[in-house]
Amino acid sequence: MEVSQILSSFPGVEEANVYGVQVPGEAEGRACMAALRGQDLQSREKLDALQSLCEKELPSYARPKFLRILSDMEITGTFKHQKVQLRDQGFDPSKVPDPVFMMDPKSHRYVPMDSQLFTQLQQGRSKL
């Protein structure tokens, strides 16, 4: 809830849905991923500002490692955010139709997730 509230306070974010995704080779269990619905969230300026907000307001373990930018947020029959499908799709660009960004541990910036970066994570050649 805290992560979702912090992300929702960011200008342009209309809704935030936070959940855990599995990353092969990572010992920490699940990595934090946030699905965001809002306006103009893919620009370098917005991504850097969002990263700065997370760094300022959240402990390192709670900061999203992945961002998924949605045009529409799905809800359940009881008006809760849909998490199961998002969690199952994870950050795999072949399964996710939306833009996904990963926090690059070297540059401390969100970078676009592509099939090459996904493969590197899967094979343990790149770490979070």
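Predicted, not measured: the structure shown is a model, and the values here were computed from it.
Proximity of Pro112 to Val100: side-chain heavy atoms (C-beta onward) are nowhere separated by under 4.5 Å. Using a 4.5 Å cut-off on side-chain heavy atoms (C-beta onward), Met113 and Phe66 make contact. Between Ser8 and Gln5, every side-chain heavy-atom pair lies at or beyond the 4.5 Å cut-off. Considering only heavy atoms from C-beta on, Leu70 stays 4.5 Å or farther from Leu36 through its side chain. Side-chain contact check for Phe101 versus Arg109: every heavy-atom pair is 4.5 Å or farther apart. Counting heavy atoms from C-beta on, the side chains of Pro97 and Arg68 come closer than 4.5 Å. Looking only at side-chain heavy atoms (C-beta outward), Ser115 and Ser94 stay at 4.5 Å or farther from each other. The shortest side-chain heavy-atom distance between Leu117 and Gln120 falls under the 4.5 Å cut-off.
Considering Leu67, Leu121, Asp114, Val23 in turn, Leu121 is the only one that fulfils the side chain to side chain contact (heavy atoms under 4.5 Å, CB included) rule with Met102.
Closest heavy-atom contact between Leu86 and Ala35: CD1-CB, 4.0 Å. Heavy-atom minimum distance, His108 versus Met103: C-SD, 3.5 Å. Residues Ala31 and Lys65 share a closest heavy-atom pair of CB-CG, 4.0 Å. Closest heavy-atom contact between Val3 and Ala62: CG2-O, 3.4 Å. Scanning all heavy atoms of the two residues, the minimum distance from Ala34 to Val18 falls at CB-CG2, 4.2 Å. Arg63 approaches Cys32 most closely through the heavy-atom pair O-CB, 3.7 Å.
Hydrophobic cluster membership differs between Met33 and Ile6, with clusters built from Ile, Leu, Val, Met, Phe, Trp and Tyr side chains linked at under 4.5 angstrom. Placement of Leu58 and Leu41 within a single hydrophobic cluster is found when ILVMFWY residues are connected by side-chain heavy-atom separations under 4.5 Å, directly or transitively.
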Where do Lys46 and Ser43 land on the side chain to side chain contact (heavy atoms under 4.5 Å, CB included) test, with the steps shown first? CA-CA 5 Å; Lys46 289 276 188 163; Ser43 73; 3.2 Å; yes
Show your reasoning for whether side chain to side chain contact (heavy atoms under 4.5 Å, CB included) applies to Glu14 and Gln39. CA-CA 8 Å; Glu14 296 164 10; Gln39 300 297 315; 3.5 Å; yes
Does the side chain to side chain contact (heavy atoms under 4.5 Å, CB included) test come out yes or no for Glu57 and Glu2, once each step is laid out? CA-CA 10 Å; Glu57 299 291 334; Glu2 177 187 4; over 6 Å; no
Evaluate Asp104 against Ser107 for side-chain hydrogen bond (donor to acceptor under 3.5 Å, both in side chains), listing each step before the verdict. CA-CA 6 Å; Asp104 180 3; Ser107 67; 3.2 Å; yes
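Here CG of Asp48 is found 6.5 Å from OG of Ser52. Values are rounded to the nearest 0.5 Å. Note: Ser4 OG to Tyr19 OH = 12.0 Å, rounded to the nearest 0.5 Å. Between the CG atom in Leu47 and the CD1 atom in Ile69 there is a gap of 6.5 Å [rounded to 0.5 Å].
The pair Asp72-Arg37 does not count as a salt bridge, with every side-chain nitrogen at least 4.0 angstrom from each carboxylate oxygen.
For Glu45, the CD atom is loosely surrounded, since the number of other residues' heavy atoms within 6.0 Å does not exceed 12.
A ring-centre distance under 6.0 Å is found for Phe91 and Phe118.
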